[in-house]
Amino acid sequence: MAKPRYRNHNGDACYVFSWVGGGGNHVFANSKKSAISRAKAFGAHLRDRDGVAYSFEDVARFKNNVVLVPNEDSFRSVTFEEFQEFDRGLAMLAW
């Protein structure tokens, strides 16, 4: 039997992905299409990873930052154990 997917309190599944050019992150969404859309807004500094829009002041603060583009082929829904392994791998890259 397959292990259950890691979900948040709203029932959204956790999707991990990589950015074009390196690195990675995760978002919670109800579908892969929604996860891709949420990640694009997150990378463009328009919304946080939960889909909540940033305030006008926050958007102005991010205006000189590089826009991150998610690699759409890398999106996958994960179990909690897979999420921990993915997150640990990103932490090892940062050290």
Side-chain angles (χ1 to χ4, degrees):
M1 185 172 154
K3 289 186 177 183
R5 298 289 150 197
Y6 178 40
R7 297 185 178 275
N8 67 4
H9 65 282
N10 293 328
D12 295 334
C14 180
Y15 288 86
V16 297
F17 61 94
S18 63
W19 298 109
V20 172
N25 217 315
H26 72 279
V27 293
F28 287 95
N30 58 3
S31 68
K32 184 176 181 178
K33 183 177 179 180
S34 178
I36 292 170
S37 176
R38 190 165 283 181
K40 286 180 179 179
F42 181 51
H45 312 293
L46 300 176
R47 297 179 177 272
D48 67 13
R49 75 172 45 144
D50 295 320
V52 178
Y54 287 125
S55 68
F56 179 75
E57 293 80 18
D58 289 336
V59 171
R61 188 178 51 157
F62 293 138
K63 72 178 182 177
N64 294 328
N65 289 15
V66 173
V67 172
L68 300 172
V69 179
N71 180 351
E72 293 186 24
D73 295 332
S74 68
F75 278 79
R76 61 190 173 97
S77 177
V78 294
T79 64
F80 183 70
E81 291 79 17
E82 291 170 333
F83 169 71
Q84 286 182 316
E85 186 177 327
F86 177 82
D87 199 42
R88 189 176 307 115
L90 290 177
M92 294 300 279
L93 287 173
W95 289 341

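Hydrogens, waters and symmetry mates play no part in the numbers below; they use all other heavy atoms, side chains included.
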Just wondering, do Y54 and D48 contact through their side chains at under 4.5 Å, heavy atoms?
yes
Pairing residues for N10 by the side-chain contact (heavy atoms from CB on, under 4.5 Å) criterion, not counting sequence neighbours
N8, D12
Heavy-atom side-chain proximity of Y6 to T79 below 4.5 angstrom
no
Under the salt bridge (charged side-chain N to carboxylate O under 4.0 Å, His left out) test, which residues partner R5, sequence neighbours left out?
E82
Working to the nearest 0.5 Å, report the span between CZ of F80 and NZ of K3.
11.5 Å
Who are the ring pair (Phe, Tyr, Trp, His ring centres under 6.0 Å) partners of F17, not counting sequence neighbours?
W19, F75
Distance check, rounded to the nearest 0.5 Å: C14 atom SG versus F83 atom CZ?
5.0 Å
Contacts satisfying salt bridge (Lys or Arg N to Asp or Glu O under 4.0 Å) that involve residues 21-39 (not counting sequence neighbours) are none
Would you please name every residue forming a side chain to side chain donor-acceptor pair (under 3.5 Å) with D58, sequence neighbours left out?
S55, R61
Quick one: are the ring centres of Y15 and H26 less than 6.0 Å apart?
no
The criterion is side chain to side chain donor-acceptor pair (under 3.5 Å); which residues satisfy it with R76, sequence neighbours excluded?
none
Sequence neighbours excluded, the answer for side-chain contact (heavy atoms from CB on, under 4.5 Å) partners of V20 is V69, N71
Roughly how far apart are R88 CZ and Q84 CD, rounded to 0.5 Å?
6.0 Å
Enter the distance from L68:CG to N25:CG here, rounded to the nearest 0.5 Å.
8.5 Å
What residues, two or more places apart in sequence or in another chain, satisfy side-chain contact (heavy atoms from CB on, under 4.5 Å) together with S34?
A29, N30, S31
Suppose we screen for side chain to side chain donor-acceptor pair (under 3.5 Å). Which residues come up paired with E85, at least two apart in sequence or across chains?
none
State, with a plain yes or no, whether a side-chain heavy atom of I36 is found less than 4.5 Å away from one of K40.
yes
Residues in side chain to side chain donor-acceptor pair (under 3.5 Å) with S18, at least two apart?
S74
Residues two or more places apart in sequence or in another chain: which of them pass side-chain contact (heavy atoms from CB on, under 4.5 Å) with A53?
R47
Filter on ring pair (Phe, Tyr, Trp, His ring centres under 6.0 Å), then keep only pairs touching residues 29-50, sequence neighbours left out; what's left?
H45-F62
